[in-house]
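The structure under discussion appears below in the form of structure tokens.
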Amino acid sequence: MHDNGESTIDAGLPYRYTAALAGEIEQRWQDQWDVDGTFESPNPAGPLADPDRLAQLGEKLFVLDMFPYPSGAGLHVGHPLGYIGTDVYSRFKRMTGHNVLYSMGFDAFGLPAEQYAVQTGQHPAITTDANVANMRRQLRRLGLSHDRRRSISTTDPEYYRWTQWIFTQIFNSWYDSDLERARPIDELVAEFESGSRQVADGRSWSSLSEHERRNIVDGHRLAYVSEAPVNWCPGLGTVVANEEVTSDGRSDRGNFPVFKRNMRQWMMRITAYADRLIDDLDLLDWSDAIKTMQRNWIGRSHGARVNFASPAGDITVFTTRPDTLFGASFMVLAPEHPLVASLTSAEQSHAVEEYIRVAGLRSDIDRQDETREKSGVFTGSYATNPLTGDDIPVWIADYVLIGYGTGAIMAVPCGDQRDFDFARVFDLPIPAIQQPPAEWFEGHAIDPSLDTATWPEAFVGNAPYVNSSNASLSLNGVANVADGVATTNAWLEANGHGEATINYKLRDWLFSRQRYWGEPFPVVYDEHGSPHTLPDELLPVELPETDSFSPRTFDPDDEHSNPESPLDRLGDWVEVTLDLGDGPKAYRRDTNVMPQWAGSCWYEMRYLDPTNTEQFVHPEVEQYWMGPRTDLRPDHPGGVDLYVGGVEHAVLHLLYARFWHKVLFDLGHVSSKEPYARLFNQGYILANAFKDDRGIYVDAFNVEERDGAFYFDGEPVLREWGKMGKSLKNAVSPDEMYDTYGADTLRLYEMAMGPLDASRPWETRDVVGMFRFLQRLWRTMIDESTGGCLVNDDPADDETLRLLHRTIDVVRTEMDALRFNTAIAKLIELNNHVTKYVSSSGSIPREIAEPIVLMVAPLVPHVAEELWLRLGHDETITYVPFPHPNAALLVDDEVEMPVQIRGKVRARVMVPADADEALITSIVLAHPAVLAALEGADPATLKKVIVVPGRMVNLVP
RNA sequence: GCGGGCGUGGCGGAACUGGCAGACGCGCAGGAUUUAGGUUCCUGUUCUUCGGAGUGUGGGUUCGAGUCCCACCGCCCGCACCA
């Protein structure tokens, strides 16, 4: 272990910046900040209102970290990377005149907390509280400038009261697709009653029973109960959302198998918002990568729905290429398609049943293996191609998915590779309907021909149509797909065979979980089984106390097990008598809990007004912190000014939270239409992990390196990269860093090791570099043997002053752009210069020392506060204005210009900084070093002289 | 397969709209302090046969390319029979 110069104290330097001194300074200032409430930011209204203070501060800025989950293992040094970034930024912005809202709460409900509780036998409330307390301690020790009054936990009934309230708002709303927004459900009922809106099946509203009306209304709600295929995960004992299932058909948490099952569950009608969730991405300052992920997940595709007549009734397909209908030579249904049974002929029934049975056995990952040869079975029935009038065979095959589109396709083998492959395997006809260009044939080394038997693959793209006409429609001669699609769609609609439509991959959000540790639903069921939300005054519905919080889990592969919610067992809690307006009646509580994502769908707004007992957030407060910044740009959607977090929530939290926010916006509860205006994806801290020859991870801290190879206990081990964590046995705790160097050094190292958005490997041995920097910084201002301050009021020399102001200029720019690594490099350079100055003169001019302390303050706030104090100030450095560069000192009289000959630097010449091209040319061409470099070539006969003032000169002889 | 990103010293990484490649830090080497080691400080540190060469490879545009264009190789991420 390091001893950090403990002996240097013995050697007579009691005031050196050591880990011990750093620790003392840091904890003293952390206490002081708490006592003074240094980071408390004022609101314009509500319980935290302080209009006077607000008026003193400048423009508002809301900086947010992604809601952390309080893990039982405590933090490792990888966790706070983003937090340090937001803290440095927040502190910088306070010094540049902003009212910064910066806090942190805990997303403490959820599966891991419950699993941890089950493991330890402790109630999740107890373990969660302990974990939150430990995390608060570790974060406080980092010196994060959070407004502690605004810290929240999703598990606090005062918080989830509002989560439940928002649920009731969503439940009591419907989506008006004409107005393209959510509206209160009462307005829908009123429209039905007045007759301005018709019931879908044409019956009159007044003829319906109360129960029938109720079902119709419930079918419009944005939160609704439905019997639908869901993801059942026996290993977790709960259902999970589509977004929580990995591409290999397993659960995101725990990696258990997930099975598709029909079950009655709560759903959120996120699909109603599909278009706005895609379109409003354009308003967001997010990375293209994340936007693309959301677009892909929502999966909007434009096409047509087409009906094919069959003996079992119309088979509806979705296609993005209605223009290729003339080439549809067969149809394929998913094995699970509801019409399969009635389409199957007697002769084919055995084969079809067998195929369905085998397809059902196959796992999703198996079915998705593209390299597998196409399989399928003929049903024995034929459908009619509405354009050609031909009877075409109907097959079933597992390459058609029941969950996408209509679960049925028209197969156009000449224009779709999958259909082409299928047709080849089963020897089905492949009529050509486009004339591929000559290059396509050349590319495949075949002669141009419409005989598809010669084609190696389907042709996809723009090309003139052939064989594409009937009595009333002809595409022949049309040369591009867009025109073909438009013409065909018009024909389909005019002739009643289909219509243009938009299809989405996005499904509604499965919202209930059969667990204990989550928000209870504020819902009871009446004697008909209809759900009712509880009125506001009955919120929160508190999670009932119980010792049997453990959910029933099953053999992970037991597909036919059934979920059992822990709350189901609490009969006294479930059966309840309430007066919901019709007098006291018996109701049954909903025994599901909400998914972990519920609490994080709106938490940023509770930071704004955490103690408001009347509203989830005061409208004026929301408007102040999150309202649209139309002063910045006219289409600004509002929301958090800077949101920092990892990419892993691209289609989970970030999609759900946008959806909830839009509902709240539609209902008039918030002024912003998006929750997060700007998103910054931080990288991860990676660490070496080592595996022995059994493939088991070994303690990374006891691995020795010899000659480029690695050994554990004398045995060779293999090195690999991984995210830091307990499972890889490579986690470094921040506590170790606090003890060895102090929090300021840790902060500085994490910010200096690379750009914030890049992942980078942790190297404990590199940390010392930043510690040395702080030690040198301290030494330039504090006498290490006496503790005296070395600052004097003499003027600084010109060189140092110029370097200082160039540094200020760069550091301001870099910090504003979150490029802390380069800001730190400039500060080190400046300090290295000052160090030499101080070691020769024994003192430092105040006009140099103070700006340096101010510039490092956002990065290393504790040592900066301490130096600021020792420089004679008695106010916190937090709100002292960040230095401005003196423009006059940024320009030099003379600059060195490189002189290139044919692009290679051959000489350097000093020229006046404001010299124009002609002057530079004359100086350069007369300079002896240049003449020497020209090796006798005559300056007057140069082919080319390029002069970029202030940059370089390039000569071409 | 489709989409996106990235390849710079022994290592992490700098290099603004094309204009001095390798800032800053680690490590390493030498030196100072020290009984010694460690700590701390100072100097040096891309490679080199000392001519030069050099930003994954090959080509191109340009007076000039890490930066722009084309092809390829490698790594990472997302999606994946999405009709």
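All heavy atoms count here, side chains included; hydrogens, waters and symmetry mates do not. Protein chains get the first letters and strands the later ones, always in sequence-line order, with residue 1 at the start of each.
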Strictly below 4.0 Å: does [X] bring a side-chain N or O up to OP1 or OP2 of [N]?
{"X": "Arg776(A)", "N": "C41(B)", "answer": "yes"}
{"X": "Lys944(A)", "N": "G64(B)", "answer": "no"}
{"X": "Asn821(A)", "N": "A23(B)", "answer": "no"}
{"X": "Arg819(A)", "N": "A23(B)", "answer": "no"}

Using the P atoms only, state how far U34(B) lies from C24(B), rounded to an integer number of Å.
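Their P atoms lie roughly 30 Å apart.
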Taking only the C1' atom of each, what is the distance from U46(B) to G27(B) in whole angstrom?
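Approximately 15 Å lies between the C1' atom of U46(B) and that of G27(B).
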Determine the contact category for Ser759(A): base if any of its heavy atoms lies under 4.0 Å from a base atom, sugar-phosphate if only primed atoms, P, OP1 or OP2 are that close, otherwise nothing.
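Answer is sugar-phosphate: Ser759(A) comes under 4.0 Å of backbone atoms only.
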Provide, to the nearest angstrom, the distance between the CE atom belonging to Met751(A) and the P atom belonging to A14(B).
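Distance check: Met751(A) CE to A14(B) P gives 13 Å.
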For Arg772(A) and G38(B), give me the distance from atom CZ to atom P, rounded to whole Å.
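Atom CZ in Arg772(A) sits about 12 Å away from atom P in G38(B).
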With the side chain of Glu829(A) defined as its heavy atoms from C-beta on, choose the nearest nucleotide among C24(B), A83(B), C20(B).
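Closest nucleotide to the Glu829(A) side chain: C24(B).
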Out of U40(B), A83(B), G19(B), which has the shortest distance to the side chain of Asn954(A)?
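Within the option list, the nearest is G19(B).
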Hey, do the aromatic rings of Phe771(A) and Tyr749(A) have their centres closer than 6.0 Å?
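So the answer is no for these two rings.
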Check: Trp395(A) ring centre within less than 6.0 Å of Phe426(A) ring centre:
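Yes - the distance between ring centres of Trp395(A) and Phe426(A) falls below the 6.0 Å cut-off.
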Under a 3.5 Å threshold, yes or no: a donor from one side chain and an acceptor from the other, between Asp314(A) and Thr316(A)?
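Short answer, no.
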Using the closest heavy atom to pick a nucleotide of RNA chain B for each, name whichever of Arg779(A) or Asn296(A) lands nearer the 5' end.
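Upstream on the strand: Arg779(A).
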